[in-house]
Amino acid sequence: MAEIIIHSDKISDPEAAMKLCPFAAIVQENGKLEITAACKMCRLCIKKGPPGAFEMVENIEEEINTADWQGIAVYVEHEEGAVHPVTLELLGKAKELAKKAPQPIYCLFIGKDIKEKAAELLPYGADEIFIYDDPAFEHFRIEPYAAAFADFVEKRHPAIILVGGTTVGRSLAPRIAARFRTGLTADCTSLEIQKDGGLAQIRPAFGGNIMAHIMTPRRRPQFATVRYKIFSMPEPEAKPKGKIIPCKVKAEFLKSAIEVLEIMPKQQVKGIEDAEVIIAAGRGIKKQEDLEMLQELATLLNGELASTRSLIESGWVDPRRQIGLSGRTVKPKLLITCGISGAIQFVAGMKGSEIIMSINTDPEAPIFKTAHYCLIGDLYKIVPELISKIKAAGSAAKFIQNPGA
Amino acid sequence: MRIAVCIKQVPGTSKVEVDPETGVLKRDGVDSKLNPYDLYGLETALQMKQAVPGSTVTAITMGPPQSEEIIREAFMMGADEGVILSDRRFAGSDVLATSWTLAQGLQVSGPFDLIVCGKQTTDGDTAQVGAEVAEFLHVPHLCNVLKIEKLNEKSMIAELDLPQHVQKVRINLPCLVAVEKGIYEPRLPSFRRKLATAERKIRWLKLDDLPDNNEKHYGLNGSPTQVARIFPPESTQIQVTWNQPESEIATRVFELLKERKFLQQAR
């Protein structure tokens with residue numbers, strides 16, 4: 001086993017030694033220092049304690065031969081055959097990784113009647129797309145999907161498997177990681193590869209206040225889930241070289257204790273608290289009709305319209321859309337405030353937003369103390385111009401309507 | 001029927017900082033509480049107990065001896081039994097080792113017809129332990145459960161949150177479910193039950209009490225992932241001012257939205 005041993009003879013101040021541990025796992029019992037089950041093996045006592053006082057003793061299980069595992073696999077996330085865009089983003093990342101540590105790129109696609117969909121994926125860089133096409137895979141059910149996934153891992157021995165951090169991916173990936181007794185790092189925000197094929201997985205820990213750099217040194221495959229919109233979508237290749245390989249699992253593995261009764265559309269009525277993008281209107285809006293322009297921008301960005309208290313009082317906006325102390329608290333990824341001065345009651349309800357852009361004609365407006373991007377100008381000029389730019393780009397390519405997490 | 005609910009004690013605050021100089025975690029005390037998501041798991045387990053007369057609820061946790069506090073809290077809400085997996089040799093467990101240990105504990109204290117987990121914890125934040133426990137126990141699982149109805153000793157009907165749809169399924173027991181926040185309104189701990197359960201015995205399990213005695217499967221040794229280092233995130237608190245003609249501002253905003261993927265394009 002791995003444990004930390006205390007050499008008491010090297011500790012002159014036991015009180016100070018106890019304080020080394022952020023988890024209070026070092027205690028004194030009968031005048032002797034001991035480590036309790038609260039130990040998280042963070043090894044800070046070894047680093048920060050008196051030299052040699054704390055020692056780590058390891059006894060590690062046999063290692064697997066990592067050279068037997070090659071290739072980067074991307075799990076194709078889809079619902080009823082519609083491929084989730086996170087799949088393409090992961091393929092883009094797989095290509096980047098394979099450039100630094102050359103190896104094949106695989107796709108794993110499990111579903112019903114998916115051959116054509118698989119062909120559409122070829123331009124995104126996979127060398128081989130393994131498809132498990134069977135009526136049993138019509139709906140996502142954990143046991144048949146896990147059986148196909150495990151079959152793929154056993155036969156192909158990929159070194160790395162990337163799965164979208166969606167509700168389906170986060171249900172499926174741990175199941176397979178456990179079956180192969182390997183590591184799984186959830187919600188990575190950055191991935192890098194070493195020359196030996198080791199995957200450096202970076203993710204926020206403790207609510208995002210700390211970043212952790214995680215490795216899976218002695219097990220394969222190295223599993224990571226990544227949320228949608230973390231990586232960029234690759235450009236499709238004009239002449240894809242990959243091929244599609246049909247695969248099968250034995251009928252006995254397709255049994256499930258789950259019967260899908262109904263697929264229901266999701267209620268699209270979202271509150272502003274759940275919105276990832278919010279366009280907020282304030283007193284700088286001259287008349288109620290002008291809100292249509294902001295609503296249009298919100299729709300284009302797949303977001304929601306909200307406002308300050310003053311517009312609620314004028315009856316222009318639904319009270320459920322009020323941000324602030326007497327309204328709702330919001331934490332969207334993007335908040336664009338339009339014509340809002342930035343009263344403290346409003347700021348209290350939005351200061352946790354990831355990106356705050358504020359449009360105001362007054363350079364002295366208090367909102368600019370909170371905003372990350374201070375846009376000094378007239379919203380009646382900036383917003384229409386922005387809308388037309390987005391529309392122009394949008395006519396060249398179709399925008400995804402809320403693919404969900 | 002027998003119902004288990006997996007719970008965890010988490011730090012009372014998420015305000016943990018790293019000293020950028022030394023890379024050392026800065027924590028003020030070790031204030032801790034029951035993982036808020038587990039309140040929904042506990043409430044679900046108690047609702048299921050009410051749905052099938054004669055059922056019992058067992059709250060199980062892995063952690064330091066102080067974890068007794070959250071088992072007592074579960075008693076105050078109505079849980080019947082408590083199990084604590086506590087051993088120095090569990091220290092440093094990642095998702096795999098944690099799931100393995102919990103699954104072992106569930107085997108010793110089971111068998112259970114239904115195992116309930118919260119969606120995720122607020123400290124590890126991985127939302128993966130439930131599915132791994134189910135794999136080790138060879139039972140099916142459902143994640144992101146929004147609603148449960150028609151529970152009986154053989155099966156139940158559940159609604160799951162998928163990225164674009166809600167899937168309604170019937171699932172046979174035994175199984176594991178990870179429930180969403182808000183599936184039920186968690187009840188408050190009762191003072192009357194606090195008094196009634198103050199002396200109730202909790203089952204403590206050490207590594208040697210588990211069916212798998214191989215030390216290499218627990219704690220840091222049994223953890224395939226290793227934290228190579230921790231570091232403070234790059235500060236995103238920048239502030240820029242764009243004071244120029246409006247059409248130029250609009251262009252810069254457009255470019256920024258594109259770069260930050262707010263204009264994500266479909267194939």
Side-chain angles (χ1 to χ4, degrees), chain A residues 1-2 22 24 37-41 44 60-61 79 142-143 166-168 170-171 174-175 178-179 182-186 206-207 209-217 219 229 257-264 266 301 334 372-378 381-382 385-386 389 397-398 400 404-405, chain B residues 14 16-18 24-25 27 30 64 86-89 91-92 95 99 126-128 131-132 135-136 140-141 143-144 161-172 215-216 220-221 224-231 233 238-243 246-247 249-250 253-254 261-262 264-266:
Chain A
M1 62 172 279
C39 171
K40 299 230 187 294
M41 286 283 181
L44 283 178
I60 284 166
E61 190 161 28
E79 251 175 286
I142 190 68
E143 312 100 306
T166 66
T167 47
V168 168
R170 283 149 65 95
S171 179
R175 194 99 205 182
R179 200 165 292 185
T182 187
L184 166 57
T185 306
F206 296 104
N209 293 320
I210 291 176
M211 303 301 287
H213 171 151
I214 295 164
M215 299 294 296
T216 312
R219 300 296 298 176
K229 289 192 181 181
I258 300 165
E259 177 193 353
V260 177
L261 305 173
E262 204 183 337
I263 300 291
M264 300 177 283
K266 232 184 214 178
L301 296 174
L334 171 67
H372 306 128
Y373 294 89
C374 309
L375 319 184
I376 298 165
D378 184 353
K381 288 181 187 151
I382 295 175
E385 182 112 17
L386 181 59
K389 277 182 195 300
K398 192 182 84 196
I400 288 169
Chain B
S14 63
V16 190
E17 286 173 51
V18 189
V24 173
L25 275 181
R27 286 202 186 207
V30 275
S86 190
D87 195 313
R88 250 192 82 184
R89 292 170 288 181
V95 170
S99 308
T126 67
Q128 296 174 157
E132 296 213 354
E135 172 68 19
F136 287 136
H141 78 267
C143 283
N144 308 97
D161 186 25
L162 297 190
Q164 273 163 305
H165 301 97
V166 172
Q167 198 187 46
K168 190 172 184 175
V169 302
R170 177 182 294 114
I171 184 165
N172 295 334
E215 288 179 348
K216 291 176 181 173
L220 195 68
N221 276 338
T225 60
Q226 287 185 358
V227 179
R229 67 189 176 103
I230 52 175
F231 54 99
I238 46 131
Q239 189 176 46
V240 295
T241 300
W242 293 340
N243 190 358
E246 275 92 349
S247 64
I249 294 181
V253 173
F254 175 74
K261 306 191 184 67
F262 289 106
Q264 189 67 276
Q265 291 172 350

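Numbers restart at 1 for each chain; the letters A, B, ... are given by sequence-line order, proteins then strands. If you're wondering where the values come from, they're calculated on a predicted model, not measured in any experiment. The analysis underlying the following values was restricted to heavy atoms, covering all of them including side chains, and did not include hydrogens, waters or symmetry mates.
For Q167(B) (side chain) and M264(A) (main-chain N/O), no donor-acceptor pair under 3.5 Å exists by modelled atom type. Listed for the Q239(B) side chain is no donor-acceptor partner under 3.5 Å among the backbone atoms of H372(A). Between the side chain of T225(B) and the backbone N or O of T216(A) there is no donor-acceptor pair closer than 3.5 Å.
Both the backbone and the side chain of E262(A) have a heavy atom closer than 4.5 Å to some heavy atom of chain B. With a 4.5 Å cut-off on non-hydrogen atoms, S99(B) does not touch chain A at all. Only the side chain of F136(B) comes within less than 4.5 Å of a heavy atom in chain A; its backbone stays farther off. Contact of I382(A) with chain B is made through backbone and side chain together, with heavy-atom distances under 4.5 Å. With a threshold of 4.5 angstrom between heavy atoms, N144(B) approaches chain A through side-chain atoms but not through N, CA, C or O.
In terms of heavy-atom pairs under 4.5 angstrom with chain A, the leader among V95(B), T241(B), D87(B) is T241(B). Contact count against chain A (heavy-atom pairs under 4.5 Å) is highest for P140(B) among P140(B), A131(B), C143(B).
With contacts defined as side-chain heavy-atom distances shorter than 4.5 Å, the pair H141(B)/I142(A) qualifies. When side chains are defined from C-beta on, V169(B) does not count as touching L261(A), because their heavy atoms never get closer than 4.5 Å. By the 4.5 Å heavy-atom criterion applied to side chains, P174(A) and E135(B) are not counted as neighbours.
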